[in-house]
Amino acid sequence: MAKGRRRGRGAESVTEQVDGGTAELVPDPDRPRARTLLIDGAPQSHVDLDDPAYLDFEYQRRLGHIADLTAPPGRPLQAVHLGGGAFTLARYIAATRPRSTQQIVELDSRLVQLVRRELPLESGWRIRVRGGDAREGLGKVPDGWADLVIADVFSGARTPAHLTSGEFAGEIRRALRPGGFLALNIADGPPLAHLRAQIATVRTVFPEVCLMADPTVLRGRRFGNAVLLASDRELPVAELTRRAAGDPHPGRVEHGRALVAFTGGAAPVSDVGARPSPEPPASAFG
């Protein structure tokens, strides 16, 4: 296994071959014990070991807003994370909602080993990491177990096809308790065909859906992340709108008729016709 360390501003970068490519943990010059995880040069996660409640990436901040609004403040959650990365959102929930019980499903076993070694989880956190495919791991979650399922799965920089279908969304709904939340991270760029199809797909399974993203992404001006929230209960749209607007990179929330208009008649995706999310342009990573 190829490994390397490169000294930065007072700290070392760590480079290692994992199953999904070349992983690099890069020090944050502004936060002594914070690191950014990159896979083949694509930023994946940011973790601050001194402050696990700090979320640096804009899409992770939006996922954090959803975690905050899943239940009253401080109440422990039962959460499933499909896709582990550096375990950023699991750390966030553990820090903000003590005694939460969480499961992470991550296919890349060597990435899990790297993160556990370099960015260890606190011993008192109730976080279980399962190895394997996200959909297979989801199938092991009991019916109605989860308050929150966060689907943030990428192979390289693309979401695998079998994690974009209505059947997959149906399996998530099975694992959620009544009133539970699905938070789905979607990466797309102009003409936003994948994003629109994902909205249409999730709407076939969940009656309530809203979307958070940077306005420039929603206007098709650049490649980026959008976060879809879905449930069988009324969504906290007003509070999400307020929080997204107050982020360092303000976001917009689409819901109801506006979201239907944005979707534009896109067809839902089934297992038979599913495709991976689009390859991002090199410019997406600066």
Practice task
Give a yes or no on whether a salt bridge exists between Arg35 and Glu12, defined as a side-chain N under 4.0 angstrom from a carboxylate O.
Solution key: no
Exercise for the section: For residues Phe168 and Val202, determine if any side-chain heavy atom of one lies less than 4.5 Å from a side-chain heavy atom of the other. Expected result: no
Fill in the blank from the handout: All heavy atoms of Pro76 vs all of Pro98, minimum pair found to be CG-O, 3.4 Å
Handout entry: Donor-acceptor side-chain pairing of Thr216 and Arg222 below 3.5 angstrom
Key = yes
Practice task
Any chance you could measure Leu114, atom CG, to Gln17, atom CD, to the nearest 0.5 Å?
Solution key: 11.0 Å
Practice task
Indicate the atoms forming the closest heavy-atom contact of Ala266 with Ala200, along with that distance.
Solution key: O-CB, 3.3 Å
Handout entry: Any Arg130 side-chain heavy atom under 4.5 Å of Ile104 side chain
Key = no
Exercise for the section: Please report the shortest heavy-atom distance between Val253 and Ala244, naming the atom on each side. Expected result: CG2-CB, 4.2 Å
Exercise for the section: Look up atom OG1 in Thr159 and atom CZ in Phe154, then write down how far apart they are to the nearest 0.5 Å. Expected result: 4.0 Å
Problem - Ile172 side, atom CD1; Leu82 side, atom CG - distance, nearest 0.5 Å - result: 6.0 Å
Practice task
In plain terms, say whether Arg61 and Glu58 are close enough for a salt bridge, that is, a side-chain N and a carboxylate O under 4.0 Å apart.
Solution key: no
Handout entry: Exceeds 12 heavy-atom contacts within 6.0 angstrom, atom CZ of Arg233
Key = yes
Problem - Closest non-hydrogen atom pair between Ala157 and Pro280, with its separation - result: CB-CG, 3.5 Å
Problem - From Leu228, Leu148, Leu235, Leu182, residue fulfilling side chain to side chain contact (heavy atoms under 4.5 Å, CB included) relative to Ile66 - result: Leu148
Handout entry: His194 side chain reached by Ile186 side chain, heavy atoms, under 4.5 Å
Key = yes
Problem - Arg174 CZ: over 12 foreign heavy atoms closer than 6.0 Å - result: yes
Fill in the blank from the handout: When every non-hydrogen atom of Val227 is compared with those of Tyr59, the smallest separation belongs to CG2-O, 3.9 Å
Problem - Path from Val14 to Leu119 over hydrophobic side-chain contacts below 4.5 Å - result: yes
Handout entry: Euclidean distance, Leu25 CG relative to Ser13 OG, rounded to 0.5 Å
Key = 8.5 Å
Exercise for the section: Ignoring hydrogens and angles, tell me if any N or O in the side chain of Arg33 forms a donor-acceptor pair with the backbone of Asp48 under 3.5 Å. Expected result: no
Exercise for the section: Give a yes or no on whether a salt bridge exists between Lys140 and Glu136, defined as a side-chain N under 4.0 angstrom from a carboxylate O. Expected result: no
Exercise for the section: Spell out, yes or no, whether Val209 and Leu69 are grouped together once hydrophobic residues are joined by side-chain heavy atoms under 4.5 Å, including indirect joins. Expected result: no
Practice task
Evaluate the ring planes of His46 and Tyr54, with Trp represented by its six-membered ring, and classify them as parallel (under 30°), tilted (30 to 60°) or perpendicular (over 60°).
Solution key: perpendicular
Handout entry: In one Ile/Leu/Val/Met/Phe/Trp/Tyr side-chain cluster, 4.5 Å: Leu55, Phe181
Key = yes
Handout entry: Cluster link Val105 to Leu77, ILVMFWY, side chain under 4.5 Å
Key = no
Handout entry: Side-chain ion pair, Glu171 and Arg173, N-O less than 4.0 Å
Key = no
Exercise for the section: Give me the one residue out of Gln113, Arg117, Arg110 that meets side chain to side chain donor-acceptor pair (under 3.5 Å) with Glu16. Expected result: Arg117
Practice task
Answer with yes or no whether the hydrophobic clustering places Val80 together with Leu121; edges join I, L, V, M, F, W, Y residues whose side-chain heavy atoms lie under 4.5 Å apart.
Solution key: no
Practice task
Mark yes when over 12 heavy atoms from residues, nucleotides or ligands other than Arg221 sit less than 6.0 Å from its CZ; otherwise mark no.
Solution key: no
Practice task
With rounding to the nearest 0.5 Å, note down the distance linking OH in Tyr92 to CD1 in Ile150.
Solution key: 10.0 Å
Handout entry: Distance-minimising heavy-atom pair for Leu211 and Ala226
Key = CD1-CB, 3.8 Å
Exercise for the section: Mind running side-chain hydrogen bond (donor to acceptor under 3.5 Å, both in side chains) on His81 and Gln103 for me, showing each step along the way? Expected result: CA-CA 6 Å; His81 304 261; Gln103 300 182 40; over 6 Å; no
Practice task
State plainly whether the residues Asp271 and Arg135 are in salt-bridge range, i.e. N to O under 4.0 Å.
Solution key: yes
Exercise for the section: Indicate yes or no: at least one non-hydrogen side-chain atom of Thr88 is less than 4.5 angstrom from one of Phe57. Expected result: no
Practice task
Please answer whether the main-chain N or O of Asp108 pairs with a side-chain N or O of Glu106 as donor and acceptor at a distance below 3.5 Å.
Solution key: yes
Handout entry: Any donor-acceptor pair under 3.5 Å from Ser231 side chain to Gly180 backbone
Key = yes
Exercise for the section: Rounded to the nearest 0.5 Å, what's the gap from CG on Asp214 to CG on Asn225? Could you check? Expected result: 10.0 Å
Problem - Arg196/Thr263 under side-chain hydrogen bond (donor to acceptor under 3.5 Å, both in side chains): CA gap, chis, key distance, verdict - result: CA-CA 5 Å; Arg196 292 186 168 100; Thr263 308; over 6 Å; no
Handout entry: Pairwise salt bridge (Lys or Arg N to Asp or Glu O under 4.0 Å) hits with a residue in residues 71-98, at least two apart
Key = Arg75-Asp147
Problem - Pairwise side-chain contact, Leu37 with Phe87, heavy-atom cut-off 4.5 Å (strictly under) - result: no
Exercise for the section: May I ask you to test the Arg275-Thr164 pair for a side-chain heavy-atom distance under 4.5 Å? Expected result: no
